[in-house]
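No experiment lies behind these values; they were computed from the predicted model shown.
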Amino acid sequence: MIPATPGQTRTKLPRTVVIVGLVSLLNDFASEMVVPLIPLLLATVLAAGPVALGLIEGVADTVSNLLKLWAGRHSDLYGRRRKPYVVAGYLLSNLVRPLIGFSGSWLTVLSIRVTDRIGKGVRTAPRDALISDAIDDGIAGRAYGFTRALDHAGAVLGALVAAAIVYWGTARLDIVIALSAIPGLLAVGLFAFGIRETARPVILPAEQAPLSWARLNPVSRR
């Protein structure tokens, strides 16, 4: 941490930022207990090849990124609360993700993975906007750096824990994937009960840039 200069007080990170960081850690912990095992599950249990894996991840990421655009804009309109989008997104992902371990075909994995990414698409932009609403000017870099650091720390820890369980515990992938529900639901509970959202001023629709396919230039459309 960079020390404050003489006469300068260091602004503390708001409670919202700290909780979002811890939630990101827990959620990525849960996610990375599952995602690295998907190729192994497809290859060994479901007898699917790399084409299936590419299709699953490609469709899932496409859906997620398109929903980020919708959810971010929608949570801005009319002073809507952002918290319900985030809670719904985390809850959806962490309810369906553990079901991957019980899939009977790669098409089932595809549907579950897409549903998981729908949750990510719905929550990501409103969550980041919630951080922006909570912080003072001048600490945006520290606030987002803190949450991203915990996010990636959770991803590393989740992958290591999953590997340790497989190596020293059980080789049953369905059990390892099911265990991911524990940190995932802890993340949902922490956000739902730990975040107190403050009211925002209402922004009239006329003040919003129109979200219209016809207004995009040809390069953006491609």
Side-chain angles (χ1 to χ4, degrees), residues 20 22-68 70-71 83-127 150-194:
V20 169
L22 294 174
V23 169
S24 294
L25 185 149
L26 288 168
N27 186 73
D28 262 49
F29 189 108
S31 180
E32 292 304 317
M33 285 184 68
V34 176
V35 174
L37 299 180
I38 292 177
L40 189 60
L41 179 72
L42 291 171
T44 59
V45 179
L46 303 179
V51 174
L53 177 62
L55 184 63
I56 289 168
E57 293 303 313
V59 172
D61 283 343
T62 299
V63 170
S64 173
N65 286 309
L66 290 175
L67 274 174
K68 288 176 187 177
W70 174 85
K83 182 177 175 180
Y85 294 87
V86 187
V87 172
Y90 277 124
L91 183 61
L92 179 62
S93 291
N94 287 292
L95 285 178
V96 303
R97 191 189 301 123
L99 301 178
I100 289 177
F102 305 99
S103 300
S105 71
W106 71 267
L107 288 173
T108 306
V109 176
L110 170 64
S111 63
I112 295 173
R113 186 71 173 137
V114 168
T115 306
D116 174 11
R117 295 292 89 180
I118 287 173
K120 181 176 177 61
V122 168
R123 71 178 178 258
T124 299
R127 181 201 62 200
L150 290 187
D151 184 285
H152 291 298
V156 172
L157 291 172
L160 290 175
V161 167
I165 294 173
V166 171
Y167 188 79
W168 285 296
T170 176
R172 288 189 55 183
L173 301 182
D174 56 339
I175 293 178
V176 180
I177 293 173
L179 289 173
S180 70
I182 298 173
L185 293 178
L186 285 174
V188 176
L190 179 58
F191 196 97
F193 297 105

Problem set entry | For the student: nearest non-hydrogen atoms of P39 and V35, plus distance | CD-O, 3.5 Å

Exercise. Could you state the interatomic distance from CG (L41) to CZ (F102), rounded to the nearest 0.5 Å?
Worked result: 11.0 Å

Exercise. Nearest 0.5 Å, what's the CG-CG distance between L110 and L53?
Worked result: 11.0 Å

Seminar exercise, completed: Correct closest heavy-atom pair for S93 and D116 would be OG-O, 2.7 Å

Seminar exercise, completed: Per side-chain contact (heavy atoms from CB on, under 4.5 Å), S103 is matched among L42, V45, V109 by V109

For this session: Give a yes or no answer on whether the side chain of K120 reaches the backbone of G89 with a donor-acceptor pair at less than 3.5 Å.
Result: no

Problem set entry | From CG (L160) to CZ (F29), nearest 0.5 Å | 9.0 Å

For this session: Kindly compute the distance separating CD (E32) from CG (D151), expressed to the nearest 0.5 Å.
Result: 9.0 Å

Problem set entry | Check: S111/T108 side-chain N/O donor and acceptor closer than 3.5 Å | no

Exercise. Tell me, do L92 and V122 make a side-chain contact under 4.5 Å, heavy atoms counted?
Worked result: no

For this session: Determine the minimum heavy-atom distance between P36 and S31, stating which atoms define it.
Result: CD-O, 4.4 Å

Exercise. Can you check whether D28 reaches H152 side chain to side chain, under 4.5 Å on heavy atoms?
Worked result: no

For this session: Quick one: closest heavy-atom pair of P183 and L179, and the distance?
Result: CD-O, 3.5 Å

Exercise. Does any non-hydrogen side-chain atom of I118 lie less than 4.5 Å from one of V96?
Worked result: no

Problem set entry | Euclidean distance, D61 CG relative to I56 CD1, rounded to 0.5 Å | 12.0 Å

For this session: Report yes if the side chains of R113 and I38 come closer than 4.5 Å at any heavy-atom pair, otherwise no.
Result: yes

Seminar exercise, completed: Minimal heavy-atom distance between A30 and N94, with the atoms involved, is CB-OD1, 4.0 Å

For this session: Among N27, L26, L25, find the residue that satisfies the side-chain contact (heavy atoms from CB on, under 4.5 Å) test when tested with L190.
Result: L26

For this session: Indicate yes or no: at least one non-hydrogen side-chain atom of N65 is less than 4.5 angstrom from one of K68.
Result: yes

For this session: Could you tell me the separation between the OG1 atom of T170 and the CD1 atom of I175, rounded to the nearest 0.5 Å?
Result: 4.5 Å

Problem set entry | Shortest non-hydrogen separation from R123 to Y90 and the atoms involved | NE-CE2, 3.3 Å

